[in-house]
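For reference, the structure is listed below as structure tokens.
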Amino acid sequence: HWGALRLGRMARHDDYAGMDLGLILVARAFSTALAIAEHTGSVAIVVDAKNDALVSWYAAAGFQSFPDTPRTLYIMNQKMAAYLAAMATT
């Protein structure tokens, strides 16, 4: 067993579709999770995708599905840090 943070519902208004706000929100969640991990020892974020389209969206951001519950996904701290580093260079 390992400690993880659960990311609640994250959304953006339809008026802002196509502006990459979801990527900005997930990057902020990653940054916050990594800061919290320094004090709590958590090693991942877990999220429940509302639908299959969101499963694909989270997968594109680096999350992986749990085998028995494909709409529940996780991402490890190391992958979050790599994601943030890649965003910083673009």
Side-chain angles (χ1 to χ4, degrees):
H1 298 280
W2 40 272
L5 301 173
R6 183 167 293 272
L7 181 62
R9 300 268 180 194
M10 183 175 66
R12 53 108 187 106
H13 193 278
D14 287 342
D15 289 351
Y16 300 98
M19 298 175 74
D20 289 335
L21 293 180
L23 297 176
I24 293 167
L25 289 171
V26 83
R28 179 58 186 241
F30 288 177
S31 178
T32 301
L34 292 172
I36 291 169
E38 292 180 22
H39 303 284
T40 64
S42 62
V43 298
I45 289 178
V46 176
V47 65
D48 293 306
K50 187 175 178 181
N51 56 46
D52 291 338
L54 287 173
V55 170
S56 297
W57 188 88
Y58 280 114
F63 285 79
Q64 295 178 285
S65 290
F66 285 101
D68 294 340
T69 53
R71 284 195 180 171
T72 302
L73 301 96
Y74 68 95
I75 186 167
M76 303 300 287
N77 289 356
Q78 297 89 340
K79 206 165 188 178
M80 286 186 257
Y83 180 94
L84 292 172
M87 284 189 69
T89 62
T90 58

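For this chain, numbers begin at 1 and follow the sequence in order. None of the values given here were measured: they were computed from a predicted structure.
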Point to revise | Atom pair CG/CZ of Leu84 and Phe30 - distance to nearest 0.5 Å | key: 7.0 Å
Study note, to complete from the structure: d(Arg71 CZ, Tyr58 OH) to nearest 0.5 Å is 12.5 Å
**Study point:** CA sep, side-chain torsions, deciding dist, call: Arg28, Leu25, side-chain contact (heavy atoms from CB on, under 4.5 Å)
**Key:** CA-CA 5 Å; Arg28 179 58 186 241; Leu25 289 171; 5.7 Å; no
Point to revise | Hphob cluster co-occupancy, Phe66 + Leu54, side-chain heavy atoms under 4.5 angstrom | key: no
Exercise for review: Output yes when a side-chain donor or acceptor of Asn77 lies under 3.5 Å from a complementary backbone atom of Ser42, and no otherwise.
Suggested key: yes
**Study point:** Heavy-atom side-chain proximity of Arg9 to Leu7 below 4.5 angstrom
**Key:** no
Check your understanding: Counting only N and O atoms by type, is there a donor-acceptor contact under 3.5 Å from the side chain of Thr32 to the main-chain atoms of Ala29?
Key -> no
Review point. About how many Å separate CG of Leu23 and CH2 of Trp57, when rounded to the nearest 0.5 Å?
Key: 5.5 Å
Practice item. Measure the spacing between CG of Leu21 and NE2 of His13 and express it to the nearest 0.5 Å. Key: 12.0 Å
Check your understanding: Tyr83, Leu34: one ILVMFWY side-chain cluster at the under-4.5 Å cut-off?
Key -> yes
**Study point:** Neighbour count >12 (heavy atoms, 6.0 Å) for atom CG, Asp15
**Key:** yes
Point to revise | Spatial distance of atom CE (Met19) from atom CZ (Arg12) [nearest 0.5 Å] | key: 10.5 Å
**Study point:** Val55 side chain reached by Ser65 side chain, heavy atoms, under 4.5 Å
**Key:** yes
Exercise for review: State, yes or no, whether a side-chain contact exists between Ile45 and Phe63 at a heavy-atom distance under 4.5 Å.
Suggested key: yes
Check your understanding: In terms of hydrophobic clustering (I, L, V, M, F, W, Y; side-chain heavy atoms under 4.5 Å; direct or indirect links), are Val43 and Val46 co-clustered?
Key -> yes
Study note, to complete from the structure: From the list Met87, Met80, Met10, side-chain contact (heavy atoms from CB on, under 4.5 Å) partner of Val26 resolves to Met10
Review point. Hey, are the side chains of Asp48 and Arg6 touching, using non-hydrogen atoms and a 4.5 Å cut-off?
Key: yes
